[in-house]
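Before any comments, here is the structure.
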Amino acid sequence: MMKDSSQDKVVRVIIVGGRPFPNYQAFLSQENKIYKIVILHTPEGIDNYKNLKQVLTNLAEKRVWEKDFEINAYSISETLDKLTKIKEHFPKFKMSIDVTSAPKISSFAAMEFVMNNANSELIYNNTKNGQLEIFRKDLEKDALHLKQENEFLKPPTVEEYLKIYGRQGKDNFKVSELTLSKKEALDLVNYVLVLKEEGVKFFDYLRKTLQVKVTNNKRKKTLNISNVKFLNELEEVAKKGFLRIIKKSNTTISIEIDESNFKFLDGKWLDFYTSKIAEKTGLFHDVKHSLEIPLRTGATNELDFIGILKERLPGVAVIGECKTGVNPLDTKELDKLNSLAEMIGGDYVLKLFITNRFSSEYDDDKNKKKSLENFKKQAEARKIKLIMGEDLIKLDEKIKEYVEKFSPL
């Protein structure tokens with residue numbers, strides 16, 4: 001994003017209505033142009049006002065003017081009076097009035113204000129075509145004039161998005177460190193996913209088997225052939241270059257895996273897979289996986305997946321918690337995902353909990369089945385979409401479905 005010079009800065013007046021999300025979206029797209037934010041709201045829209053004020057304060061605390069105004073949704077004169085007071089307080093700045101979701105009467109007042117104040121404009125976030133429509137006074141025709149070239153909503157990169165919230169992501173796993181290329185790594189994951197429940201068991205078995213001491217950045221293990229549960233699968237992933245069979249006899253087989261490959265096996269594969277599939281959907285402007293997000297306490301939180309949408313809901317973040325452990329359905333993980341979302345957008349973030357465990361794993365035990373049902377309810381209560389192992393082979397469809405249905409406030 002290019003920085004604008006100081007004379008290009010505007011005071012963004014937001015008249016809050018039924019859906020504050022478009023106001024937030026317009027801020028993200030024009031973040032570098034905005035000097036100060038002032039909010040007008042009606043008594044009826046107090047909840048939407050509080051929601052938007054909290055998000056914008058988290059985003060740009062010093063730019064949110066401490067003085068907001070309550071207005072009567074049915075009074076043109078009251079809205080005009082408040083807009084005039086704001087103009088008097090910021091005489092050197094252009095007034096940019098966001099009426100995207102404003103009540104009709106307040107919008108009429110904003111139109112009259114722009115007609116009588118040359119250094120002002122109306123903006124409308126046309127979410128249907130992903131454009132900010134900007135209206136200014138046409139001096140020759142003495143009428144409001146739609147700017148000929150509207151501004152397209154600009155989705156930020158992941159890095160820019162996190163910076164807006166005062167955060168910075170640091171890679172804690174790089175696919176480039178694998179002994180496989182990205183394509184080979186994706187082929188390996190697809191091979192295991194096609195095995196369905198057996199693929200889950202194979203990765204569980206391999207992880208458990210290779211929980212051994214690391215020497216020279218490698219893990220080695222010798223197994224008795226008679227005890228190897230997944231000999232065919234083991235030899236297949238060796239052919240793919242994921243691990244090496246360094247010795248084999250009629251009774252034993254010795255395997256070796258690089259530490260970076262083991263980290264991939266130990267769970268990073270799902271972060272990577274989610275990122276690659278999300279990328280292939282064509283829905284995202286930018287995607288990242290396996291990021292550490294420093295907290296203000298000095299600790300870090302891990303963001304397994306984040307993508308920024310580009311066409312539908314441009315600038316919206318989709319984040320995912322990716323879990324592959326034997327018992328991943330812990331409500332603490334849902335709370336962790338929620339806390340991450342609160343740091344970077346709150347209700348304006350689409351949250352996914354993604355696991356490779358199949359629902360069928362919980363069918364044979366009443367307690368397990370009950371725990372799964374409880375987990376689903378807890379996820380729903382937190383507005384988190386759950387993606388299970390059976391969904392991974394069609395993850396692109398699930399992501400498209402959830403993005404299409406997502407409707408921020």
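Here the structure is a predicted model, which is why all the values come from computation and not from measurement.
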Run the salt bridge (charged side-chain N to carboxylate O under 4.0 Å, His left out) test against [X] and tell me which residues pass, sequence neighbours left out.
{"X": "K104", "answer": "none"}
{"X": "K239", "answer": "none"}
{"X": "E233", "answer": "none"}
{"X": "K263", "answer": "none"}

Salt bridge between [X] and [Y], side-chain N to carboxylate O under 4.0 Å?
{"X": "E302", "Y": "K170", "value": "no"}
{"X": "E159", "Y": "R167", "value": "no"}
{"X": "E259", "Y": "R219", "value": "yes"}
{"X": "K398", "Y": "E401", "value": "yes"}
{"X": "E361", "Y": "K368", "value": "no"}
{"X": "R382", "Y": "D335", "value": "yes"}
{"X": "E380", "Y": "K385", "value": "no"}
{"X": "R244", "Y": "D258", "value": "yes"}

Drop me the distance from [X]'s [atom1] to [Y]'s [atom2], to the nearest 0.5 angstrom.
{"X": "L132", "Y": "L153", "atom1": "CG", "atom2": "CG", "result": "4.5 Å"}
{"X": "I253", "Y": "L223", "atom1": "CD1", "atom2": "CG", "result": "7.0 Å"}
{"X": "T251", "Y": "I225", "atom1": "OG1", "atom2": "CD1", "result": "7.5 Å"}

Give every residue pair that meets the ring-ring contact (aromatic ring centres under 6.0 Å, His included) criterion with at least one member in residues 168-200, sequence neighbours excluded.
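Qualifying pairs, neighbours excluded: none.
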
* **Qualifying ring-ring contact (aromatic ring centres under 6.0 Å, His included) pairs, either residue in residues 374-409, two or more places apart** =>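 Every pair satisfying ring-ring contact (aromatic ring centres under 6.0 Å, His included) with a residue in residues 374-409: F353-F375.
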
Would you say the side chain of [Y] lies within less than 4.5 Å of the side chain of [X], judging by non-hydrogen atoms?
{"X": "V316", "Y": "V403", "value": "no"}
{"X": "F152", "Y": "K154", "value": "no"}
{"X": "V287", "Y": "I306", "value": "no"}

Which atom pair, heavy atoms only, marks the closest approach of [X] to [Y]?
{"X": "V212", "Y": "K220", "result": "CG2-O, 3.6 Å"}
{"X": "N367", "Y": "D365", "result": "N-OD1, 2.8 Å"}
{"X": "L386", "Y": "K376", "result": "CD2-CG, 3.6 Å"}
{"X": "T274", "Y": "F305", "result": "CG2-CG, 3.8 Å"}
{"X": "L313", "Y": "P408", "result": "CD1-CD, 4.0 Å"}

Qualifying residue for side-chain hydrogen bond (donor to acceptor under 3.5 Å, both in side chains) with S96, from Q30, E121, K9: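 The passing option is E121.
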
Point to revise | Ring centre gap for F272 and F264 strictly below 6.0 Å | key: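 Yes.
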
Can you name the side-chain contact (heavy atoms from CB on, under 4.5 Å) partners of [X], sequence neighbours left out?
{"X": "D171", "answer": "K174, L291"}
{"X": "S107", "answer": "V99, A102"}
{"X": "D68", "answer": "I39, Y49, K53"}
{"X": "E70", "answer": "H41, P43"}

Practice prompt. Give me the ring orientation class for F93 and F90: parallel if the planes are under 30° apart, tilted from 30 to 60°, perpendicular past 60°.
Written response: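 It falls in the perpendicular class, over 60°.
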
Pair I34-I37, side chain to side chain contact (heavy atoms under 4.5 Å, CB included): steps then yes or no | CA-CA 7 Å; I34 297 172; I37 303 166; 3.8 Å; yes

Please identify which of these residues, D396, V318, L309, meets the side chain to side chain contact (heavy atoms under 4.5 Å, CB included) condition with L283.
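Going through D396, V318, L309 one by one, the side chain to side chain contact (heavy atoms under 4.5 Å, CB included) with L283 is satisfied by L309 alone.
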
Please indicate whether [X] has more than 12 foreign heavy atoms, meaning atoms of other residues, nucleotides or ligands, lying under 6.0 Å from its [atom1].
{"X": "D364", "atom1": "CG", "answer": "no"}
{"X": "K163", "atom1": "NZ", "answer": "no"}
{"X": "K36", "atom1": "NZ", "answer": "yes"}

Could you give all pairs that pass the salt bridge (Lys or Arg N to Asp or Glu O under 4.0 Å) test and reach residues 191-205, with sequence neighbours left out?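 Applying salt bridge (Lys or Arg N to Asp or Glu O under 4.0 Å) to every pair that reaches into residues 191-205, excluding sequence neighbours, yields E198-K201, D204-R357.
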
### Message
For residues 277-294, which residue pairs pass the salt bridge (Lys or Arg N to Asp or Glu O under 4.0 Å) check, not counting sequence neighbours?
### Response
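Every pair satisfying salt bridge (Lys or Arg N to Asp or Glu O under 4.0 Å) with a residue in residues 277-294: K276-E279.
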
